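We count ligands from 1, going down the list as the structure has it; atoms in each ligand are counted the same way. Everything quoted here is computed from the prediction, not taken from an experiment. Just so you know, residue 1 is the first one in the sequence shown, and it goes up from there.
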Amino acid sequence: MKKIAILISGRGSNMVALLDAIEAGEVPAECALVISNVPDAPGLKTAAAKGVKILVIDHRNSSSREEHDSKILAALLDAQVDIVCLAGYMRLISPVLIHAFRNRILNIHPALLPAFPGLHVQRKALEYGVRFSGCTVHFVDEEVDHGPIILQAVVPIMPGDEEGTLSHRILAFEHKLYAKALSLICEDKVRLEGRRARLLLTNLEYKNILSDLVDRGGA
Ligand code: GRF
């Protein structure tokens, strides 16, 4: 059974989705630790209420990104964590962590990468005028929102969409997507080949996953 840690900075709805999926037996993992760089992140209380160990490592107490990440690394090693899930973690990750957890750090991004990396991406998708957006779970590498893609979910942009409505619909798919991607990782069904993550699934198995990951325009 893999041990995971979840890093958050805010409300932590993706964290909750992962914890719920673990509790439901959909992800063969155990959550050893939730770490927040923000002391009053609402997600911390939620994690504690679910009985998960929480830790605040405030970035303002470190003089550099590397120093902050070294503290996080020490906590991850201490808890014998195998996989790190970034879930609304609003800090860039330094090589200190990336090297120690090479291809073992996952992130969720609310757009179809490589389109719209960075921040405010639902607004950027609307402004650009794309017809489809969605969300991506990927491995974290040295570049922002760049590492090998594990899974994506597709969400159409509806004629009446605004940033809030689109974000809301994408978020519902983020929750499903992150749990599914983590389960594939924990079941050793993802193999890295260069920058491509190959899924060790039959077409039928993948189709079954996909059927849950394509939005048809909301309720
Ligand atoms: C999500 O949209 C995630 O994709 C992005 O930040 C948001 C975090 O939301 N990286 P939550 O804290 O998981 O509710």
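- Under a 3.5 Å cut-off, the side chain of Asn107 and the backbone N or O of Val140 do not form any donor-acceptor pair.
- Residues that satisfy the side chain to side chain donor-acceptor pair (under 3.5 Å) test with Ser183, not counting sequence neighbours, are absent from this structure.
- Around ligand 1, the residues contributing at least one heavy atom under 4.0 Å from the ligand are Arg11, Gly12, Ser13, Asn14, Gly88, Ile108, Pro110, Glu174.
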Using a 3.5 Å cut-off and no angle test, enumerate the donor-acceptor pairs between side-chain atoms of residues 147-160 and protein atoms at least two apart in sequence or in another chain.
| residue | atom | partner | partner atom | Å |
| --- | --- | --- | --- | --- |
| Gln152 | NE2 | Leu113 | O | 3.0 |
| Gln152 | NE2 | Thr136 | OG1 | 2.9 |

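- Every residue two or more places apart in sequence or in another chain that forms a side chain to side chain donor-acceptor pair (under 3.5 Å) with Arg102 is listed here: Glu142.
- Here Asp20 pairs with Lys50 in a salt bridge; the nearest charged N to carboxylate O distance falls below 4.0 Å.
- No continuous path of ILVMFWY side-chain contacts below 4.5 Å connects Leu166 to Leu171, so the two sit in separate hydrophobic clusters.
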